[in-house]
Structure formats: structure tokens, C-alpha cells
Undergrad: 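I'd like to ask some things about the structure below.
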Amino acid sequence: MTEPTFAALVSRWYTENARDLPWRAPGVSPWAVLVSEVMLQQTPVARVLPAYEAWLARWPVPAALAEASPAEAIRVWGRLGYPRRAVRLWECAVAIVERHGGKVPDRLEQLLALPGVGTYTARAVAAFAYGQRHPVVDTNVRRVVCRAVAGQPDAGPATRPADLVATEALLPEDPAAAALASAAFMELGAVVCTARSPLCHRCPVETICAWRASGQEAPAGPTRRPQRYAGTDRQVRGLLLGVLREATGPVPRQRLDAVWTDDVQRARALDGLVRDGLVEPVDADSYRLVGDGPSRPAVPLPALPG
DNA sequence: CAAGCGTGGCG
DNA sequence: TCGCCAAGCTT
């Protein structure tokens, strides 16, 4: 009899310690899984929870969202951040209806072709929603595997093909067990094997961890350059969008001008929002969230005779 | 491939 | 207080 594998140890720990999150409940639809994965891109779990519930209550299937407007999606998205994701999700719904008859596709290639769905999200849906055997590699999994297997304190900033290969090698053969293991790796990285303050005393693989064995060299400083926010276009975009989100219908340019004094930067930020499909001009003097009302001015009534 | 893209809570 | 961060994607 062989010793439990890495995946078996982490999976057992997961079954006993996993957080009770709604998108992990049995019978959750692939659409719900997709929504959760997109919302969780760079946004903490605690903030996603209420938005996830509201979103699915309103649009329980892709076809429902496809009939809404990007503006509605942006509003229900609320303040999760990176609101482009709300528009991408709306585009996803439209694409799913048009290309796949309203059903979230189950093939990796088709998932990857959806707007805003990349390597991680496509694999997460294929594995968690459809039970397929694919390595699901996010920043947490990269860190866990990098530490436990390679003995390095931190992984690189982006997922590379080698990361998928290294993770795939750890997965059980059975697809359902593999999907469970992937969820377990993510959970371990999220709550135990964290970037800054790993809780090794609570780790199910402490005794076989290469990083632990090699003396646990301290994690390096921030791998990414510090992301400034104050004074950036991003902040200005956030301010502009805040006004448009709270408004109903077109917003006079004057109200947008009030959010930021630098004309050049404000214009650049607004243009960026338009190019990203979040905002559209209504006329020469007002803007609105995309689709927030009739797409073109009402047809003028014919001049009354006489 | 590095940079751009929001937001709010926490050490 | 304020810098740092949180299940990526796109260009």
C-alpha cells in the first residue's frame, strides 16, 4: 500500500475544511459557475457573495442576461471593480445564446472563445461545472505547487504552460477526483498557503512540502510593481463610471466634468470607457452607460400637415 | 510581455 | 495612516 498522494492529502483536508461557498453547492449550474469565476477574477470572495446572488436571481440563465442591456449588467455588477467584466459577461450571454443555443459550452476551445474567458476561467468551468479533468491553475495553485513541489517561495506572475503541466501531474486520473483536487489546491492557497503569512501548522502537506523541507526561504518582496491608484486614469474612470452608474439615463457632460479637474486626463478616461464598451455618447452634450435606453433617438414624428 | 484595468478591507 | 492586496484577461 502506497502513501497518500499530494492530491489525496489536500483533497481530504478540503472535504473537511472547505468554506461553504454558494458556487460550490451541488447542482449549481454551469452558468452560475461561470458567473462566479468571472466575478472572482481579482475580487475577494466576501465582496463577490452578494453580487453573485443578485446577479443570478435576476439572470438565472444566459438567455435572460442576453435580453438585458450592458447598462443593467454594469449596475448589478455594483462596485466589484473592473466593470469591463460585467460587459464581457453580458457579451458571453449573447454569444452563448447565439453560438450554443443558450447552454454554456463544455469544450475548452469553445469556452476560451467567449469574451473575458481566459486560460484559468475556461478550465475552471470545464472542471467545476462539467467534471472534466483539466489542470485549473490560478495564482493560488501556482504558489502551492511552486512551494510544495519546487521548494520555491513564490511562483511567477503569470500562468505559463509549464505551470499547467506541473499541476496536471499532480491530478488523480478520475475526472471527478481531479476537479475536487483542483478546488482543494485553490482553497489551500487561499486560506493556508497564502503569499505573505502561510499557516504551515494547519497545512495537510507540511511534512512533504519541498519549501518547508528546504528551510522555507522567505517569500520575495512584491512580484508586481506597486500599483498606484490615486491620480491615475483608473481612478478617473472609476469616478466617471460612479456618476453614470447612479444616474438613470443620459448624464450631461457638465456633471462628468465635475468629477476631475484635469481636462486632458478626464477626456482620456472617458474615451477609454467608450472604447471599452462601457459608456456611449448620446448626443454632443451627454453620455450614458451602454444601452441605457433606446439605442437611437426616437424617430421624429412627421411634421403635422397644415 | 509588461502595462492597463476598480475597489474596499486590512496589517 | 496608507501601502498592499484579491480565484485574470486583453493588448
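Just so we're on the same page: letters track the sequence lines, and every chain starts at 1.
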Undergrad: With sequence neighbours left out, what residues match A:E109 under side-chain hydrogen bond (donor to acceptor under 3.5 Å, both in side chains)?
TA: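 Checked A:E109 against side-chain hydrogen bond (donor to acceptor under 3.5 Å, both in side chains); matches are A:R107.
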Undergrad: Is there side-chain contact between A:L114 and A:I96, with heavy atoms separated by less than 4.5 Å?
TA: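 Yes - at least one pair of side-chain heavy atoms lies under 4.5 Å apart.
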Undergrad: Heavy atoms, side chains only, cut-off 4.5 Å: are A:V236 and A:L240 in contact?
TA: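 When only atoms from C-beta onward are counted, A:L240 and A:V236 do touch, with a gap below 4.5 Å.
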Undergrad: Between A:E187 (CD) and C:dA6 (C1'), how many Å, whole number?
TA: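 Rounded to the whole Å, the gap is 14 Å.
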Undergrad: Select base, sugar-phosphate, or nothing to describe what A:T159 touches, counting heavy atoms under 4.0 Å on all strands.
TA: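 Touches nothing.
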Undergrad: What integer distance in Å separates A:Y52:OH from C:dA6:C1'?
TA: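 About 19 Å, once rounded to whole Å.
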Undergrad: Which residues, if any, of residues 132-141 of chain A bring a heavy atom under 4.0 Å of DNA chain C?
TA: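 The answer is A:D138, A:T139, A:N140.
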Undergrad: Mind checking the P distance from B:dG6 to C:dT11? Whole angstroms is fine.
TA: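 Pairwise P distance, B:dG6 against C:dT11, rounds to 14 Å.
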Undergrad: State whether A:R196 places a side-chain N or O below 4.0 Å from either non-bridging phosphate oxygen (OP1 or OP2) of C:dC5.
TA: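 Yes, A:R196 has a side-chain N/O under 4.0 Å of OP1/OP2 on C:dC5.
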Undergrad: Using the C1' atoms only, state how far B:dC10 lies from C:dG8, rounded to an integer number of Å.
TA: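 Comparing C1' positions in C:dG8 and B:dC10 gives a spacing of 22 Å.
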Undergrad: Does this structure show an ion pair linking A:D174 with A:R133, if we count only N-O contacts that are shorter than 4.0 Å?
TA: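 Between A:R133 and A:D174 there is no salt bridge, as every charged N stays at least 4.0 Å from the carboxylate O atoms.
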Undergrad: With no angle test and no hydrogens, is the base of B:dG6 tied to the side chain of A:T43 by a donor-acceptor pair under 3.5 Å?
TA: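 Answer is yes: a donor-acceptor pair is held.
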Undergrad: How many whole angstroms separate atom CZ of A:R88 from atom P of C:dT10?
TA: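 Nearest whole value for this atom pair: 8 Å.
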Undergrad: Classify the ring geometry of A:Y52 against A:W23: parallel below 30°, tilted from 30° to 60°, perpendicular beyond 60°.
TA: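 Taking A:W23 first and then A:Y52, their aromatic rings stand perpendicular (interplane angle over 60°).
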Undergrad: Charged N to carboxylate O under 4.0 angstrom, A:R268 versus A:D233?
TA: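 Salt bridge flag = yes for A:D233 with A:R268.
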Undergrad: Which value, in whole Å, describes the distance between the C1' atoms of nucleotides C:dT10 and B:dG8?
TA: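 One C1' to the other, the span is 24 Å.
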Undergrad: In whole angstrom, give the distance that lies between atom CG of A:D271 and atom C1' of B:dC5.
TA: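 Going from CG in A:D271 over to C1' in B:dC5 covers 15 Å.
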Undergrad: Between A:M186 and A:V117, who's closer to the 5' end of DNA chain C by nearest nucleotide?
TA: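 So the residue in question is A:M186.
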Undergrad: Do the side-chain N or O atoms of A:Y229 get closer than 4.0 angstrom to the phosphate oxygens (OP1, OP2) of B:dT7?
TA: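 Checking B:dT7 against A:Y229, a side-chain N or O does come within under 4.0 Å of OP1 or OP2.
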Undergrad: Looking at C:dA7, I'd like to know if its phosphate oxygens (OP1 or OP2) sit under 4.0 Å from a side-chain N or O belonging to A:Q41.
TA: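 For C:dA7, neither OP1 nor OP2 has a side-chain N or O of A:Q41 closer than 4.0 Å.
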Undergrad: Of all of residues 236-249 of chain A, which get a heavy atom below 4.0 angstrom from DNA chain B, listed by number?
TA: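 Under 4.0 Å from DNA chain B: A:R237, A:G238, A:R245.
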Undergrad: Side chain to side chain donor-acceptor pair (under 3.5 Å): which pairs involve residues 58-80 of chain A, sequence neighbours left out?
TA: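 Found A:R58-A:E72, A:S69-A:E72, A:R75-A:D292.
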Undergrad: Under a 4.0 Å N-O cut-off, is there an ion pair linking A:D263 with A:R266?
TA: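 A salt bridge links A:D263 with A:R266.
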Undergrad: In whole angstrom, what separates A:L40's CG from C:dC9's P?
TA: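 A:L40 atom CG is separated from C:dC9 atom P by 12 Å.
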Undergrad: A:R84 near the nucleic acid: base, sugar-phosphate alone, or nothing, with a heavy-atom cut-off under 4.0 Å?
TA: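 Contact class for A:R84: base.
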Undergrad: Calculate, to the nearest 0.5 Å, the distance between atoms OG1 and CG belonging to A:T119 and A:D138 respectively.
TA: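 It is 12.0 Å, given to the nearest 0.5 Å.
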Undergrad: Which listed nucleotide (C:dA7, B:dG6, C:dA6) is nearest to the side chain of A:V45?
TA: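 Nucleotide nearest to A:V45's side chain: C:dA7.
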Undergrad: Is the distance from OP1 or OP2 of B:dC5 to the nearest side-chain N or O of A:T232 less than 4.0 Å?
TA: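 Indeed not, no polar side-chain atom of A:T232 lies that close.
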Undergrad: With a 4.5 Å limit on heavy-atom distance, are the side chains of A:P172 and A:T5 in contact?
TA: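 Heavy-atom side-chain distance check fails, nothing below 4.5 Å.
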Undergrad: Would you call A:R85-A:E37 a salt bridge at under 4.0 Å N-O?
TA: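 A salt bridge is absent here (no side-chain N lies under 4.0 Å from a carboxylate O).
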Undergrad: Sequence neighbours left out, what passes salt bridge (Lys or Arg N to Asp or Glu O under 4.0 Å) with A:D285? Give chain and number order.
TA: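 Partners of A:D285 by the salt bridge (Lys or Arg N to Asp or Glu O under 4.0 Å) criterion come out as none, since no residue qualifies.
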Undergrad: How far does OG1 of A:T159 sit from OH of A:Y120, to the nearest 0.5 angstrom?
TA: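 Going from OG1 on A:T159 over to OH on A:Y120, the span is 10.5 Å.
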Undergrad: Using the C1' atoms only, state how far B:dC5 lies from C:dA6, rounded to an integer number of Å.
TA: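 Straight-line distance between the two C1' atoms is 14 Å.
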Undergrad: Taking the P atom of each, how far is B:dG11 from C:dA7, in whole Å?
TA: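 The answer is 15 Å between these two P atoms.
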Undergrad: Categorize A:G81 for me: base, sugar-phosphate, or nothing, with a 4.0 angstrom heavy-atom threshold over every strand shown.
TA: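 Base, at least one base heavy atom under 4.0 Å.
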Undergrad: Assign each of A:R160 and A:D276 to its nearest nucleotide of DNA chain B by heavy atoms, then name whichever residue's nucleotide is nearer the 5' end.
TA: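 Closer to the 5' end of DNA chain B: A:R160.
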Undergrad: Name every residue in residues 16-39 of chain A that has at least one heavy atom under 4.0 Å from any atom of DNA chain C, in order of residue number, or write none if there are no such residues.
TA: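 Here the set is A:R19, A:L21, A:W23, A:R24, A:E37.
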Undergrad: In whole angstrom, give the distance that lies between atom CD of A:Q235 and atom P of B:dT7.
TA: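 One finds 10 Å between P of B:dT7 and CD of A:Q235, rounded.
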Undergrad: Could you give the CG-to-C1' distance, from A:L80 to C:dG8, as a whole number of Å?
TA: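 For the pair A:L80 CG and C:dG8 C1', the rounded distance is 14 Å.
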Undergrad: Nearest-Å distance, CG (A:L273) to C1' (B:dG4)?
TA: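 Taking atom C1' of B:dG4 as the reference, CG of A:L273 is at 13 Å.
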